[in-house]
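All values derive from a computational prediction rather than experimental measurement. Below, chain A is the first sequence line, B the second, and so on; all start at residue 1.
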Amino acid sequence: MSTLFNYILKIGDDSLILGHRLSEWCGHGPILEEDIAMTNIALDLVGQATTLLNYAGEMEGKGRDADALAFLRFDREYRNLLLVEQPNGDFGMTMMRQFLFDAYRLPLLERLQKSSDVSLAAIAEKSLKETKYHLKHSSEWVIRLGDGTEESHRRVQDALDTLWRYTDELFQEDDAEKELVVSGVIPPMSEIREAWNANVNRVLEEATLTIPTNNWKHSGGRKGMHSEHLGYILAELQYMQRAYPNMEW
Amino acid sequence: MKELNLNELERRFQEKIDKDIKIEPNDWMPENYRQTLIRQISQHAHSEIVGMLPEGNWITRAPNLRRKAVLLAKVQDEAGHGLYLYSATETLGADREETIDDLHSGKAKYSSIFNYPTLTWADMGAIGWLVDGAAIMNQVPLCRCSYGPYARAMVRVCKEESFHQRQGFEIMTTLANGTPEQKAMAQDALNRFWWPALMMFGPNDADSKHTEQSMRWKIKRHSNDELRQQFVDVTVPQAEMIGLTVPDKDLKFNEQTGHYEYGEINWDEFWEVVKGNGPCNKDRIDVRRKAKEDGEWVREAANAFAEKRARKKSA
């Protein structure tokens, strides 16, 4: 059970932290339609985080619900990818971050639908529809910006160069997860990587973008070794629960 | 077909209005009617968009996941309202980007309430309860407005506003029934937002320069003071119900009229905020302007891309 708890925490934290980042855009988008789209995606991600973290809490069996897990852990206990905690930057950076994540999340959810854990399968099925739309939206923007103007091409190529180093972590698998793969609870990450590669190559090519040659790979988020950015996210996220503990809202 | 003179066109137009027949985009309308609507609808659209900022200010700090999701949904609704309303101005021949430029230059106004800061979580409750509550009072009659596209947009907007008002009141109720700190937070928010909420209905009837003509055209159905009174009558018992005190020492119920009498509104403050001297006027407009400037390269890219694709298709 604790193995599954740890795994669900990871994907739940991804949704939570990326949803937080996207919600920072609210009211500041480049066009009104994108304010609506980004708020909508943030809302989906907060919803996914709630479902996943509630289930993680059930698996843990210590009486923690989604709110307790989202708001009352310490920095080193968060398990999200380094990618999702990276700052929004410009709109190109945000869309590239979203695209690299969505292209991983979609094949993951597709396979989790067939998980031997029926609850996880049901959660994946429900989230999949949303994530399909997220990937469509982020892919279209990566292509539009990549193949738009010189300036947009330069900006979104910069974003790719900056974020590429965080993509290897998407597919890392620890020993406990290898057991979950064997019991059919989660898919092998090699499959997800293959699907991701195919999709990312296709979209980046259409966007006329170049995959960085610098292959330096950062990881650590999955083990609670985060970038300096996470602390500030948590300072905001947890502010009310820390300042006014044990209250109903 | 004989050419109709202006007086005859105006007579027929007013006749339609008097018979409660909706005016549609392609119908003839007096230029003043068109301009009044453009002014009012774009002001309404700007209020929705600027109104995203004070609430957006608390999304990342919402106290739990449910509140965060509800607040995100609410702010998203507001962006959606802005979009319909800008579209409604376009049916009158206005250009969305020009309309937005008027907001940024200070030429166009938006609801003054959004020039007050949101300082605590309780402000999310106060805004939903009071600000959306006041907006509903203003907007429900607009569902019967003589201009078809605006009236229809308002039907949908009002449904969502009513959900917003309820979620705000629910936040206030939870806080008022919570710990002493929470109740104090709720009371403080009511203290700060009560008077600005009353000001949302605009100047007293005697000082309202647009009311008379707008009522004749059925753009407006009730005067500012009538709507303000209705709001006070509905809201004061709600405050009492949850044990909060309306910050007005002159407030009392008049048994004879069946209405609450309330104290004098600080009109100096109202006009100062309208003129741009409220606590957040500059911040709000700076933020909106920056969003537009920062997004320029994105919009250029989207246009360039669309053109490239169109050329490819036709080639």
Most heavy-atom pairs under 4.5 angstrom with chain B, which of [options]?
{"options": "A/Thr50, A/Asp147, A/Leu237", "result": "A/Asp147"}
{"options": "A/Ile143, A/Ile31, A/Leu16", "result": "A/Ile143"}
{"options": "A/Glu248, A/Glu24, A/Met247, A/His28", "result": "A/Met247"}

Is the closest basic N to carboxylate O distance between [X] and [Y] below 4.0 Å?
{"X": "A/Arg222", "Y": "A/Asp13", "result": "no"}
{"X": "A/Glu33", "Y": "B/Arg96", "result": "yes"}
{"X": "A/Glu140", "Y": "A/Lys136", "result": "yes"}
{"X": "A/Asp102", "Y": "A/Arg105", "result": "no"}
{"X": "A/Glu77", "Y": "A/Arg64", "result": "no"}
{"X": "A/Glu151", "Y": "A/Arg155", "result": "yes"}
{"X": "B/Arg66", "Y": "A/Asp67", "result": "no"}

Sort [X] into side chain, backbone, both or neither according to what part of it lies under 4.5 angstrom from a heavy atom of chain A.
{"X": "B/Glu181", "answer": "side chain"}
{"X": "B/Ile171", "answer": "neither"}
{"X": "B/Ala62", "answer": "backbone"}
{"X": "B/Thr179", "answer": "side chain"}
{"X": "B/Arg299", "answer": "side chain"}
{"X": "B/Leu175", "answer": "side chain"}
{"X": "B/Lys292", "answer": "neither"}
{"X": "B/Leu53", "answer": "side chain"}

Checking heavy atoms, do the side chain of [X], its backbone, both or neither come under 4.5 Å from chain B?
{"X": "A/Arg21", "value": "neither"}
{"X": "A/Ala66", "value": "both"}
{"X": "A/Glu236", "value": "both"}
{"X": "A/Ile233", "value": "neither"}

I'd like to verify something: which residue of [options] has the highest number of heavy-atom pairs under 4.5 Å with chain A?
{"options": "B/Thr60, B/Val298, B/Ile59", "result": "B/Thr60"}
{"options": "B/Ala301, B/Gly178, B/Ala291", "result": "B/Ala301"}
{"options": "B/Asn64, B/Leu71, B/Thr174", "result": "B/Asn64"}
{"options": "B/Lys290, B/Glu307, B/Glu296, B/Arg288", "result": "B/Arg288"}
{"options": "B/Glu293, B/Arg309, B/Glu78, B/Lys68", "result": "B/Arg309"}

Please state whether the rings of A/Trp141 and A/Phe91 are parallel, tilted or perpendicular, taking 30° and 60° as the class boundaries.
-> perpendicular
Plane angle bin for A/Tyr239 and A/Tyr244 - parallel if under 30°, tilted between 30 and 60°, otherwise perpendicular = perpendicular
Could you state the interatomic distance from CG (B/Leu72) to CD (B/Glu55), rounded to the nearest 0.5 Å?
-> 11.0 Å
Counting only N and O atoms by type, is there a donor-acceptor contact under 3.5 Å from the side chain of A/Asp65 to the main-chain atoms of A/Gly57?
-> no
In this structure, which one of B/Met124, B/Gln165, B/His164 forms a side-chain contact (heavy atoms from CB on, under 4.5 Å) with B/Trp129?
-> B/Gln165
